[in-house]
Amino acid sequence: LTTALVPTMGAFHRGHLSLMKWARDNSRRVIVSLFVNPTQFGPGEDLAAYPRAFERDARLAEEHGADALFAPRPEDMYSEDHATWVEVPKLTRALCARSRPGHFRGVATIVTKLLILACPNIAVFGEKDWQQLAVIRRLVVDLNLPVKIVGRPTVREDDGLAMSSRNAYLSEDERKQAPNIYAGLRELNKWRKAGEKSAQTLVQRLEEHYRRTMPSGEIDYIQIVHPRTLEPLSTVVGPALAAAAVRFGKARLIDNLLLEA
Ligand code: PAF
C-alpha cells in the first residue's frame with residue numbers, strides 16, 4: 001500500500017491541487033498536511049499575514065482526493081522547550097537563504113517531523129521552491145528516511161506567473177508586472193542558447209531586463225547555480241538553473257528555470 005504525503009501551508013491554488021492530483025493518481029492513500037510553520041518565517045516576515053482559509057482548503061483537499069488532512073496547531077508541533085533542528089548548511093548558503101536566514105532550518109525541521117509522523121512512501125513538492133526541494137532530497141538521503149521525494153513542475157497562470165499564495169498580496173499594477181519574472185528567465189535561456197556562457201553577463205542582462213519591465217519590483221537576487229548542489233556557476237556549460245527572487249511590497253516572489261544545455 002503506497003501512502004503519499006503532500007505537505008502544504010494551505011491557501012490552496014492550482015499548484016497545490018496539481019500536487020494532490022499527482023499523489024491521488026500515483027498512490028493508494030493521500031495525506032495532505034496543512035501547517036503554517038512558524039519556524040520558517042523570519043522576524044520581519046509575513047507569518048501573521050500569511051493567507052489562511054481552513055474551511056475552503058479542507059473542502060478543496062477532499063475534492064482533490066485527500067483521504068486525510070493533517071492540520072496540527074503550532075503547540076502540537078513545537079513544545080515550549082523544543083530544541084532539535086535539522087540543518088543542511090551546504091545547500092543553504094546561496095539563493096533564498098541569503099535574505100531569509102533560518103528559513104531552511106525551519107523547513108528542514110518541519111518536513112522531517114511531518115515525514116516521521118505521516119510515514120509516507122512518497123512525499124510530493126513543487127519545483128517552484130527548487131532550493132527547498134534540493135534541501136529535502138538531501139536530508140532524506142542523509143538521515144536515511146525511507147521515503148521517495150517527488151518534485152512536480154511549477155503551475156503557472158496563463159501569463160506565466162508562477163502560482164503562489166503570496167500572489168494575493170500584489171496590487172493590480174504589480175500583478176501586471178510580475179509575469180516578467182518568468183518571461184525574463186526565458187529570455188536569459190535564449191541568450192544562453194544563442195551562445196552566451198558567462199553567468200555574470202547573463203545575470204547582468206537579466207537585471208537590466210527586470211528593471212525595465214518591473215519598475216515596482218526590487219530584485220532580491222538573480223543567480224545561476226548547479227541544479228543539484230546549488231553551487232553558483234561562473235560559466236554555463238552543463239546543467240544549470242537560473243533562479244530569481246523579486247519583491248513587490250511585502251510580496252517576495254521566486255521562480256526558476258532549468259537552462260537547456
Ligand atoms: O512549501 C511549503 O509550503 C512549505 O515550505 C512546506 C514544505 C509545507 C514546509 O512548511
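Each residue takes its place number in the sequence, starting with 1. All values below were derived from every heavy atom in this structure, side-chain atoms included, with hydrogens, water molecules and symmetry-related copies excluded. We count ligands from 1, going down the list as the structure has it; atoms in each ligand are counted the same way.
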- Message: Which label fits His16 and Phe12: parallel for a plane angle under 30°, tilted from 30 to 60°, or perpendicular past 60°?
- Response: tilted
- Query: Any donor-acceptor pair under 3.5 Å linking the side chain of Thr2 with the backbone of Ser27?
  - Reply: no
- Axial cation check for Tyr221 ring with Arg98, 6.0 Å and 45° limits: no
- Is a side-chain N or O of His103 found less than 3.5 angstrom from the main chain of Arg105, in a donor-acceptor match? no
- Measure from the side-chain N and O atoms of Gln223 to the backbone N and O of Leu95, and report whether any donor-acceptor pair falls under 3.5 Å. yes
Run through all N or O atoms in ligand 1 and write down each protein N or O closer than 3.5 Å, as a pair with its distance.
unit_1: ligand 1; atom_1: 1 (O); unit_2: Gln132; atom_2: NE2; d: 2.8
unit_1: ligand 1; atom_1: 5 (O); unit_2: Gln40; atom_2: NE2; d: 3.0
unit_1: ligand 1; atom_1: 5 (O); unit_2: Gln132; atom_2: OE1; d: 2.7
unit_1: ligand 1; atom_1: 10 (O); unit_2: Gln40; atom_2: OE1; d: 2.6

- Do Asn37 and Tyr78 get their side chains close enough for a donor-acceptor pair, meaning under 3.5 Å? yes
